[in-house]
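First comes the structure, then the notes that go with it.
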Amino acid sequence: QVQLVESGGGLVQAGGSLRLSCAASGRTFNTYGWFRQAPGKERDFVAGITSGGPRPWYADSVKGRFTISRDNAKNTVYLQMNSLKPDDTAVYYCPARLCGFGYLRPSDYDYWGQGTQVTVSS
(Lines give C-alpha, C1' and ligand atoms only; values in the text may rest on other atoms or scores of the structure.)
Protein backbone atom coordinates (compact mmCIF):
# COMPACT_ATOMS: atom_id res chain seq x y z
CA GLN A 1 0.00 0.00 0.00
CA VAL A 2 1.80 3.12 1.23
CA GLN A 3 5.57 3.18 0.99
CA LEU A 4 8.30 5.81 1.31
CA VAL A 5 11.81 4.96 0.12
CA GLU A 6 14.79 7.23 0.74
CA SER A 7 17.89 7.07 -1.43
CA GLY A 8 20.94 9.12 -2.38
CA GLY A 9 22.97 8.91 0.80
CA GLY A 10 26.66 8.11 0.88
CA LEU A 11 30.10 9.22 1.94
CA VAL A 12 31.22 12.73 1.06
CA GLN A 13 33.99 15.05 2.19
CA ALA A 14 33.25 18.25 4.06
CA GLY A 15 32.19 20.97 1.66
CA GLY A 16 30.69 18.51 -0.78
CA SER A 17 27.11 17.95 -1.87
CA LEU A 18 24.51 15.20 -1.95
CA ARG A 19 20.92 15.02 -3.14
CA LEU A 20 18.55 12.76 -1.29
CA SER A 21 15.36 11.44 -2.84
CA CYS A 22 12.20 10.12 -1.23
CA ALA A 23 9.85 8.22 -3.50
CA ALA A 24 6.28 7.75 -2.32
CA SER A 25 3.93 5.10 -3.61
CA GLY A 26 0.37 4.08 -2.91
CA ARG A 27 -0.93 7.52 -1.89
CA THR A 28 -0.55 11.20 -2.64
CA PHE A 29 0.69 13.32 0.27
CA ASN A 30 0.30 17.04 0.83
CA THR A 31 3.13 17.33 3.38
CA TYR A 32 6.67 15.94 3.43
CA GLY A 33 9.60 16.39 5.76
CA TRP A 34 13.20 15.43 6.28
CA PHE A 35 14.53 14.40 9.67
CA ARG A 36 17.92 13.07 10.69
CA GLN A 37 19.22 10.95 13.52
CA ALA A 38 22.79 10.28 14.57
CA PRO A 39 23.65 7.18 16.65
CA GLY A 40 22.53 7.62 20.24
CA LYS A 41 20.80 10.93 19.53
CA GLU A 42 17.23 12.09 19.00
CA ARG A 43 15.58 12.37 15.63
CA ASP A 44 15.73 16.05 14.65
CA PHE A 45 13.77 18.11 12.15
CA VAL A 46 15.72 19.20 9.08
CA ALA A 47 13.22 20.54 6.53
CA GLY A 48 9.54 20.48 5.68
CA ILE A 49 7.37 21.31 2.69
CA THR A 50 3.60 21.41 2.34
CA SER A 51 0.94 22.45 -0.12
CA GLY A 52 -0.68 24.45 2.67
CA GLY A 53 2.17 26.89 3.22
CA PRO A 54 3.90 29.62 1.21
CA ARG A 55 7.46 28.28 1.50
CA PRO A 56 9.52 25.45 2.97
CA TRP A 57 10.90 25.63 6.49
CA TYR A 58 14.38 24.64 7.65
CA ALA A 59 16.21 23.96 10.85
CA ASP A 60 18.66 26.73 11.73
CA SER A 61 21.58 24.33 11.39
CA VAL A 62 20.92 23.78 7.67
CA LYS A 63 19.53 27.13 6.50
CA GLY A 64 21.32 28.39 3.42
CA ARG A 65 22.85 24.98 2.74
CA PHE A 66 19.93 22.56 2.26
CA THR A 67 16.95 22.86 -0.08
CA ILE A 68 13.79 20.76 0.05
CA SER A 69 11.66 20.40 -3.06
CA ARG A 70 8.96 18.13 -4.43
CA ASP A 71 7.81 16.78 -7.76
CA ASN A 72 4.08 16.18 -7.45
CA ALA A 73 3.86 14.29 -10.74
CA LYS A 74 6.38 11.75 -9.44
CA ASN A 75 5.25 11.77 -5.79
CA THR A 76 8.86 12.43 -4.88
CA VAL A 77 10.53 14.83 -2.45
CA TYR A 78 14.19 15.85 -2.57
CA LEU A 79 16.76 17.28 -0.22
CA GLN A 80 19.66 19.04 -1.90
CA MET A 81 22.51 19.29 0.60
CA ASN A 82 25.41 21.63 -0.11
CA SER A 83 28.42 22.70 1.93
CA LEU A 84 28.15 19.57 4.01
CA LYS A 85 29.75 19.44 7.45
CA PRO A 86 30.77 16.50 9.63
CA ASP A 87 27.90 17.45 11.97
CA ASP A 88 25.49 16.58 9.15
CA THR A 89 26.42 12.91 9.50
CA ALA A 90 23.26 10.96 10.31
CA VAL A 91 20.58 8.69 8.96
CA TYR A 92 18.13 10.85 7.04
CA TYR A 93 14.43 9.98 7.08
CA CYS A 94 11.54 11.08 4.91
CA PRO A 95 8.15 11.24 6.63
CA ALA A 96 4.86 12.21 5.00
CA ARG A 97 1.29 13.00 5.98
CA LEU A 98 -1.89 12.71 4.00
CA CYS A 99 -4.24 15.51 5.03
CA GLY A 100 -2.54 17.97 7.38
CA PHE A 101 -0.06 20.79 6.92
CA GLY A 102 2.10 20.66 10.04
CA TYR A 103 5.62 19.29 9.62
CA LEU A 104 7.87 20.33 12.50
CA ARG A 105 7.32 17.37 14.82
CA PRO A 106 7.66 13.64 14.19
CA SER A 107 4.11 13.19 15.47
CA ASP A 108 2.84 15.33 12.59
CA TYR A 109 3.45 12.52 10.13
CA ASP A 110 1.53 9.41 9.17
CA TYR A 111 4.27 7.44 7.39
CA TRP A 112 8.07 7.11 7.49
CA GLY A 113 10.72 5.71 5.20
CA GLN A 114 13.55 3.42 6.24
CA GLY A 115 16.25 6.10 6.11
CA THR A 116 19.45 6.63 4.14
CA GLN A 117 22.90 7.08 5.64
CA VAL A 118 24.85 10.29 5.08
CA THR A 119 28.45 10.40 6.26
CA VAL A 120 30.55 13.56 5.98
CA SER A 121 34.28 13.28 6.58
CA SER A 122 36.46 16.15 7.74
Requested in this report: Check the side chains of Arg36 and Tyr92 for a donor-acceptor pair under 3.5 angstrom, ignoring hydrogens and angles.
Outcome: yes
Query raised in the report: Under 3.5 Å, side chain of Thr116 to main-chain N/O of Gly9, donor-acceptor pair present?
Result: yes
Query raised in the report: Do NZ/NE/NH1/NH2 and the carboxylate oxygens of Arg105 and Asp108 come within less than 4.0 Å?
Result: no
Query raised in the report: What about Val77 and Phe101, same hydrophobic cluster or not, with Ile/Leu/Val/Met/Phe/Trp/Tyr joined at side-chain heavy-atom distances under 4.5 Å?
Result: no
Requested in this report: Kindly compute the distance separating CD1 (Ile49) from CD1 (Ile68), expressed to the nearest 0.5 Å.
Outcome: 5.5 Å
Query - Ring center gap for Phe66 and Trp34 short of 6.0 angstrom - result: no
Query raised in the report: Does the pair Val120 and Gln13 meet the rule for a side-chain contact (heavy atoms from CB on, under 4.5 Å), with working shown?
Result: CA-CA 5 Å; Val120 184; Gln13 292 186 345; over 6 Å; no
Report task. Determine whether the side chains of Asn82 and Ser17 contain a donor N or O and an acceptor N or O closer than 3.5 Å. Result -> yes
Query raised in the report: Taking Glu6 for the side chain and Gln114 for the main chain, is one N or O donor matched with an acceptor at less than 3.5 Å?
Result: yes
Report task. Would you please indicate yes or no on a ring centroid separation below 6.0 angstrom for Tyr111 and Phe29? Result -> yes
Query raised in the report: What's the shortest heavy-atom distance between Thr50 and Thr31, and which atoms?
Result: OG1-OG1, 2.8 Å
Query raised in the report: Looking at CG of Leu20 and OG of Ser7, how far apart are the two atoms once the value is rounded to the nearest 0.5 Å?
Result: 8.0 Å
**Report entry** Heavy-atom closest pair, residues Val118 and Met81
**Finding:** CG2-CE, 3.8 Å
Query raised in the report: Does Leu98 offer a backbone N or O that forms a donor-acceptor pair with the side chain of Asp110 under 3.5 Å?
Result: yes
Query raised in the report: Do Val46 and Leu79 pass the side-chain contact (heavy atoms from CB on, under 4.5 Å) test, and can you show the C-alpha distance, the side-chain angles, and the key distance before you say yes or no?
Result: CA-CA 10 Å; Val46 174; Leu79 185 68; 4.3 Å; yes
Query raised in the report: What distance do Ser51 atom OG and Arg70 atom CZ have between them, rounded to the nearest 0.5 Å?
Result: 6.0 Å
Query raised in the report: What are the two closest non-hydrogen atoms of Leu4 and Cys22, and how far apart are they?
Result: CD2-SG, 4.0 Å
Query raised in the report: Is the backbone N or O of Lys74 less than 3.5 Å from a side-chain atom of Thr76, with the two atoms forming a donor-acceptor pair by type?
Result: yes
Report task. Would you check, one step at a time, whether the test side-chain contact (heavy atoms from CB on, under 4.5 Å) holds for Cys94 with Trp112? Result -> CA-CA 6 Å; Cys94 172; Trp112 291 79; over 6 Å; no
Report task. Looking only at non-hydrogen atoms, find the nearest pair between Leu18 and Leu84 and report the distance. Result -> N-CD1, 3.9 Å
Query raised in the report: Is Trp57 atom CH2 crowded by more than 12 heavy atoms from other residues, nucleotides or ligands, each under 6.0 Å away?
Result: no
Query raised in the report: Is the gap between the ring centers of Phe35 and Phe45 under 6.0 Å?
Result: yes
Report task. Identify the heavy atoms of Gln117 and Val91 that sit nearest to each other, and give their distance. Result -> OE1-CG2, 3.2 Å
Query raised in the report: Just how far is it from atom CZ of Arg19 to atom OH of Tyr78, taken to the nearest 0.5 Å?
Result: 6.0 Å
Query raised in the report: What closest approach, in Å, do Pro56 and Tyr103 show between heavy atoms, and which atom pair accounts for it?
Result: C-OH, 4.4 Å
**Report entry** Lys41, NZ: over 12 other non-hydrogen atoms inside 6.0 angstrom
**Finding:** no
Query raised in the report: Between Asp88 and Arg65, is there a salt bridge with N-O shorter than 4.0 Å?
Result: yes
